[in-house]
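Presented below is the structure to which this report refers.
We count residues from 1, following the sequence as given.
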Amino acid sequence: MSLAPANDAKEQIRQAIDIVDVVGGYISLRRAGRVFKGLCPFHDDRDPSLQVSPERQSWKCWVCDDGGDIFSFLMKKEGIDFREALEMLAERAGIDLNPTPSAPVVPGSPDDKQTLYRAAKWADEQFRQFLLQAPEAAAARTYLQQRGVDDASCERYGLGYSDNGWQWLLDRAKKTPYSPAVLQAVGLVNKNENSGRFYDVFRGRVMFPIRDTQSRTIAFGGRILPEIAQAETTADRRPPAKYINSPETRLFSKSEQVYALDLVRDAVSKSRHVVVVEGYTDAIAAGQYGIDNVVAVLGTALGERHIHLLKRFADRVTLVLDGDAAGQRRANEVLGLFVAAQMDLRILTLPDQLDPCDFLQQRGPEAFQQLLETASDALEHKVRIATRGINLLTDTHRAFRALEEILETLAQAPRPQDAASPQSQMLFDQQLVTRLARDFQVGEAEIRSRLLDMRRRKTTPARESSAEAPRKPATLASLQARELELFEVLTQHPELTSLALAEIRNVELTDGPARRIFSVYRSLYNAGRSVDFSAVLSDLSPDEQPLFVALDEIAAAKAEESFAEPLARLQEVINGFRQQHAALVQKGKLAQLEKPQTDSQGALEILKDLVQQERHRRGISQPTDG
């Protein structure tokens, strides 16, 4: 992939590389609840004081009072500047920072990502309302009922329906800012090469909006209604695909996204366990039956980028596959992911060729949960498949071939980049070798030697660089109490940003870190970009990041003990800024009264204003006659 602007590259790198991978390459990390802890490399640390959050993609040392994101850690550890850190991480993520120069992006054009986000959201609403209200969508409503999808699930997952007409969505877009070219860039319409006319991609299909972790609609999946598929199938025409997904766009890559993660991320973060199924309706059925940690892949096999995404929220991934032959083959392909990710990756193949939706409907959620607990890890599954029908004690030739096949799979897997330390990587390898030695009754030294031989061709050269270290970070003491409260609310509840920006001006904050952080919020919001913690952290300078991470940590700790509603807390902050503004105005009026050039009439008006302001502050109503 290739990106020119640094901000776009930063966002891509943030999505592609887990901060635990990077920090864990320098120090030994251990899991401590929802974070990792280790000895801080920036001071003589005896008691682990460095904390890494995979959810927030941030690091913090309370002793150093320092912290930040993946870039600031690398800058500080390697003594390099931001550009060098960007280049190192871009190289690791496979991102080209120097593509062919292009013209500036025109707002409203197909190259403008914010326009594409808005167009996708608009289409999402069209599909949803059409399913709910249109007589033409009756067959779609009936289909969902027959599949056991209730109204609450339709609402929760935002299901919709696209009419079977060739230009239904195009016609609706005529009164909007979204041109056919914009809709094509979102993957909603296509262009006939012969006639040059645009046409809808999704026709006669139940629509499943695909959202990113920030709940922004970025793509769609569509399931054709059975009766429409039947009507379109003729002797000389093959049946249309049952499911189709949006193509790869500026917003969407199926190898980097999973379905419904935005809805279940909190539950997954608490349990540290995510279940991956293959179909939209499988994930919806699980949610409907109260299993709140299930996501789906998007028409592709579970891959390395999916694992990188899921590792931010979970320690254990259970891949649930249909019991058919295709499901068996896919289960045999995931051992490399297990090795590359060094995580608890398990495989569950459902019995009787059932898919998860049918299994849940026929046998219930309790039986499904029990099966999940029996899922085998990827290595165990690979050994079982490779040795099926082989007597390991007597059929030594076939046993050796099976072992070679397993070792080759292990060797070809990408080398782990997310091991907490070299020692952890060695321990992981030793566990693999020990298990294989036990299963195949072969010496550990022999297996280890063979595996190392196979891996020898895969090496990654180290890179060295030096530059000026980041500046000294700002501190909590540089913020006023109400500013602390403001940012604590916004880090935990970014959905309140619009209210804060509408009611508080940048100039009302203390000049320095507070005003700069708030300016980042305003800049991101005005650009239509995300204002969640990670996005704001990424746009802050290295000397401001430690302060922002500290704010987030304090806010998270308060949230567990506080019963105050976030909106009420923000309103309290807004009221504080209003009172501050009123006090400044009052001070100015009093100063004007003291000026010798103020006449008696002017002084009287000023006094009236001051009295009215004081009444308003105390909540005293205006006096009435009589």
Side-chain angles (χ1 to χ4, degrees), residues 10-42 45 48-62 64 66-78 85-86 88-95 213 256 258 261 265 268-274 303-317 337-345 413-429 460 532-535 537-538 545-546 548-549 552-553 556:
K10 282 179 66 177
E11 179 63 22
Q12 285 283 344
I13 289 168
R14 256 192 341 114
Q15 296 292 333
I17 300 179
D18 192 338
I19 193 171
V20 178
D21 306 358
V22 174
V23 179
Y26 291 95
I27 62 172
S28 176
L29 294 175
R30 60 176 178 81
R31 167 70 70 178
R34 296 173 71 166
V35 300
F36 288 84
K37 289 186 176 180
L39 297 174
C40 177
F42 306 126
D45 198 7
S49 56
L50 186 127
Q51 181 173 297
V52 182
S53 170
E55 278 185 61
R56 311 298 265 176
Q57 290 294 291
S58 63
W59 64 277
K60 171 71 179 178
C61 176
W62 293 98
C64 296
D66 203 355
D69 63 1
I70 189 173
F71 297 95
S72 62
F73 181 87
L74 200 60
M75 290 164 64
K76 189 174 182 69
K77 190 70 182 75
E78 296 288 345
L86 184 73
M88 289 177 67
L89 292 171
E91 181 179 339
R92 179 171 177 164
I95 295 172
T213 55
E256 297 178 353
V258 293
L261 181 58
R265 58 179 291 178
V268 168
S269 295
K270 289 177 182 176
S271 68
R272 308 303 303 175
H273 178 207
V274 62
E304 185 180 359
R305 292 181 184 272
H306 296 132
I307 295 293
H308 275 298
L309 172 65
L310 296 175
K311 278 195 72 176
R312 291 170 52 187
F313 308 99
D315 304 315
R316 175 180 166 191
V317 176
L337 295 176
F338 168 78
V339 177
Q342 284 196 4
M343 70 180 305
D344 188 356
L345 179 60
R415 293 303 291 132
Q417 297 179 337
D418 51 356
S421 70
Q423 292 80 9
S424 172
Q425 182 175 319
M426 291 173 60
L427 177 61
F428 183 81
D429 280 352
T460 303
D532 69 2
F533 171 82
S534 297
L537 181 68
S538 181
Q545 287 186 350
F548 196 61
V549 173
D552 180 57
E553 297 287 347

- line: Here the gap from Arg30 atom CZ to Lys37 atom NZ, rounded to the nearest 0.5 Å, amounts to 6.5 Å

task: Measure the spacing between CG of Asp66 and NZ of Lys76 and express it to the nearest 0.5 Å.
output: 4.5 Å

Pair Asp21-Arg92, side-chain contact (heavy atoms from CB on, under 4.5 Å): steps then yes or no: CA-CA 11 Å; Asp21 306 358; Arg92 179 171 177 164; 3.4 Å; yes

field: For Phe71, the option from Leu537, Val22, Ile13 that meets side-chain contact (heavy atoms from CB on, under 4.5 Å)
entry: Ile13

message: Please evaluate residues Arg305 and Leu309 with respect to the criterion side-chain contact (heavy atoms from CB on, under 4.5 Å), reporting the C-alpha separation (whole Å), side-chain torsions for both, the decisive distance (0.1 Å), and the verdict.
response: CA-CA 6 Å; Arg305 292 181 184 272; Leu309 172 65; over 6 Å; no

message: Taking side-chain contact (heavy atoms from CB on, under 4.5 Å) as the criterion, tell me which of Asp315, Val258, Leu345 meets it with Leu310.
response: Val258

- prompt: Should the pair Phe73 and Trp59 be assigned to parallel (<30°), tilted (30 to 60°) or perpendicular (>60°) ring geometry?
  reply: perpendicular

field: Contact check, side chains of Lys311 and Pro54, non-hydrogen atoms, under 4.5 Å
entry: no

message: Ignoring hydrogens, what is the shortest heavy-atom contact between His273 and Ala314? Give both atom names and the distance.
response: N-CB, 4.0 Å

- prompt: How far apart are the closest heavy atoms of Ser58 and Val549, and which atoms are they?
  reply: CB-CG2, 4.0 Å

- prompt: CD/Gln51 to SG/Cys40 distance, rounded to the nearest 0.5 angstrom?
  reply: 12.0 Å

- prompt: Does a side-chain heavy-atom distance below 4.5 Å link Ile27 with Leu39?
  reply: no

query: Quick one: CD on Gln15 to CD on Glu256, what's the gap to the nearest 0.5 Å?
result: 8.0 Å

- request: Working to the nearest 0.5 Å, report the span between CG of Leu29 and CD1 of Ile19.
  value: 10.0 Å

task: Output the distance between atom CD (Gln57) and atom OG (Ser534), rounded to the nearest 0.5 Å.
output: 6.0 Å

N-O pairing of Arg14 and Asp69 below 4.0 Å: no

task: Kindly give the heavy-atom pair with the smallest separation between Phe313 and Arg272, and that separation in Å.
output: O-NH1, 2.9 Å

field: Closest approach of Leu50 to Asp45 (non-hydrogen atoms, all atoms of both residues)
entry: N-OD2, 4.2 Å

- prompt: Can you find a heavy atom in the side chain of Leu74 that is under 4.5 Å from one in the side chain of Tyr26?
  reply: yes

- request: Apply side-chain contact (heavy atoms from CB on, under 4.5 Å) to the pair Val23 and Phe36, showing each step before the final yes or no.
  value: CA-CA 10 Å; Val23 179; Phe36 288 84; over 6 Å; no

